[in-house]
Amino acid sequence: DRMLSIIRSKEIVFSDAALKSLEDKKIDTMQIYGILKSGKIDFSKSLVKNKPCRKYHIEGVKELQHIYVTVELCDSTATVLQVENLVKDE
């Protein structure tokens, strides 16, 4: 996907909230990088005309399909703002 490639070409930064979600939900940053490589952008949930930075809702696929991230794409950085795990803890 062209947009995922553009996102990956930027410096990837994790917000404090995203880092807390990773820790709380026991999600590894490598899983997030996997989503940024092969995930699926849901354009209906994304803010692609946002200025100055666009926001993308990216869903994991295959074994990561239960995870989605919100990424803010700016000129030089792509900030992971939010990480959600759709599987409820048991």
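Since the model is a prediction, treat every value here as computed from it, not as a measurement.
Between F14 and T79, the closest side-chain pair of non-hydrogen atoms is not below 4.5 Å. Between K40 and Q65 the shortest side-chain heavy-atom distance does not fall below 4.5 Å. At least one side-chain heavy atom of I58 sits less than 4.5 Å from a side-chain heavy atom of I7. Taking 4.5 Å as the limit, some side-chain heavy atom of I27 sits within range of a side-chain heavy atom of N85. Side-chain contact between V48 and Y56 is present, with at least one heavy-atom pair separated by less than 4.5 Å. Within the 4.5 Å cutoff, the side chain of Y68 has heavy atoms near those of the Q82 side chain.
With S38 contributing its side chain and G34 its backbone, the two residues share a donor-acceptor pair below 3.5 Å. One N or O on the side chain of S15 and one on the backbone of V80 form a donor-acceptor pair closer than 3.5 Å. Judged purely by atom type and a 3.5 angstrom limit, Q31 uses its side chain to pair as donor or acceptor with the backbone of D28. Remark: the backbone N or O of N50 is not paired with any side-chain donor or acceptor of K55 at under 3.5 angstrom. Put simply, the side chain of R8 gets close to the backbone of L36: a donor and an acceptor are under 3.5 Å apart.
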Stepwise side-chain contact (heavy atoms from CB on, under 4.5 Å) test for K45 and E59: CA-CA 11 Å; K45 296 179 181 175; E59 299 174 349; 4.2 Å; yes

